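Take a look at the structure below.
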Amino acid sequence: QKEVEQNSGPLSVPEGAIASLNCTYSDRGSQSFFWYRQYSGKSPELIMFIYSNGDKEDGRFTAQLNKASQYVSLLIRDSQPSDSATYLCAVNRGGFKTIFGAGTRLFVKA
Amino acid sequence: GAVVSQHPSWVICKSGTSVKIECRSLDFQATTMFWYRQFPKQSLMLMATSNEGSKATYEQGVEKDKFLINHASLTLSTLTVTSAHPEDSSFYICSARRASQGFEQYFGPGTRLTVT
């Protein structure tokens, strides 16, 4: 079992729709959870982080965390073609190393 | 903000030569810096973790004598690829974690290395 699992996609959604990206993790001691966006040929960019159960909203992005289910998700409202990228879920237990998932490719159709 | 720079952004070198890549946190102090490698259409691969003033911790399978990491200050880490070979051609990305924050990592723009 991978430490951080994501569906590789591609996830295809029409422009204006809600994109839902999911991530599960195996370490119950995980404390910090992150979502990064990576455009092709570029480095990852931090877009959200969440530490507590529940929802955290920032603009069009909402991160959702459920520690009991070991599940974290990212919702993108009003998806735009410019949101097309690979989204990386990352998890930290409280130590030096953050574990990254392999990423989900999102394609937003105009 | 939390800005991390890398230099150079791309480099071409001949097989057998060494290449140094610099990573700087521009507006914050970084307790820990990380070096990753990413091949086309593949996942990020952590190479090593470095703390200021300490020896880097390398991931299994990463040759410490080939990939030399120096974390000389709270704002600068360098990766030197020694005796580079074509199979070392890749996208090298550093990231930094703030001294005063949680565990968020901020990535540099990456360095594309091509070894001919």
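Order of the sequence lines fixes the chain letters, A, B, ..., with proteins taken first and strands second; residue numbering starts at 1 for each chain. Every value quoted in this text rests on a predicted model; they were computed, and no experiment measured them.
- Proximity to chain B is absent for every atom of A:E45, based on heavy atoms less than 4.5 angstrom apart.
- B:L44 and A:F49 fall within the same hydrophobic cluster, where Ile, Leu, Val, Met, Phe, Trp and Tyr residues are linked whenever their side-chain heavy atoms come under 4.5 Å apart, directly or through other members.
- Heavy atoms of other residues, nucleotides or ligands lying less than 6.0 angstrom from NE2 of B:H7 number 12 at most.
- Neither the backbone nor the side chain of B:Q6 has a heavy atom closer than 4.5 Å to any heavy atom of chain A.
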**OP:** Using the side-chain contact (heavy atoms from CB on, under 4.5 Å) rule, take A:F34 and B:E104 through it: C-alpha gap first, then chi angles, then the decisive distance, then the call.
**Re:** CA-CA 7 Å; A:F34 310 94; B:E104 304 96 84; 3.6 Å; yes
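- Contact of A:S32 with chain B is made through the side chain alone, with heavy-atom distances under 4.5 Å.
- No single ILVMFWY cluster, assembled from side-chain heavy atoms under 4.5 Å apart, contains both B:L76 and B:Y106.
- At least one donor-acceptor pair under 3.5 Å links the side chain of A:Y36 to the backbone N or O of B:Q105.
- Within 6.0 Å of the NZ atom in B:K20, the count of heavy atoms belonging to other residues, nucleotides or ligands does not exceed 12.
- More than 12 heavy atoms of other shown residues, nucleotides or ligands fall within 6.0 angstrom of atom CD in A:Q80.
- If you take CZ on B:F91 and NZ on A:K42, they are separated by 8.0 Å, rounding to the nearest 0.5 Å.
- Of all the heavy atoms in B:Y36 and A:F100, the pair that sits closest is OH-CE1, 3.3 Å.
- Taking hydrophobic clusters as Ile, Leu, Val, Met, Phe, Trp and Tyr residues chained together by side-chain heavy-atom distances below 4.5 Å, A:Y87 shares a cluster with A:I99.
- Note: B:F107 CZ to A:L46 CG = 9.0 Å, rounded to the nearest 0.5 Å.
- Linking Ile, Leu, Val, Met, Phe, Trp and Tyr whenever their side-chain heavy atoms come within less than 4.5 Å leaves B:Y58 and B:M33 in two separate clusters.
- At least one donor-acceptor pair closer than 3.5 Å links the side chain of A:S43 to the backbone N or O of B:G108.
- Counting heavy-atom neighbours within 6.0 Å of A:K97 NZ, excluding the residue itself, gives a total of 12 or less.
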**OP:** Give the intermediate values and the outcome of side-chain contact (heavy atoms from CB on, under 4.5 Å) for residues A:N92 and B:R97.
**Re:** CA-CA 12 Å; A:N92 187 289; B:R97 180 183 290 161; 3.4 Å; yes
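- Interface check for chain B: of the options A:A102, A:G103, A:P44, A:A90, the most heavy-atom pairs under 4.5 Å are formed by A:P44.
- Taking NZ from A:K2 and OG from B:S43, the interatomic distance works out to 7.0 Å, rounded to the nearest 0.5 Å.
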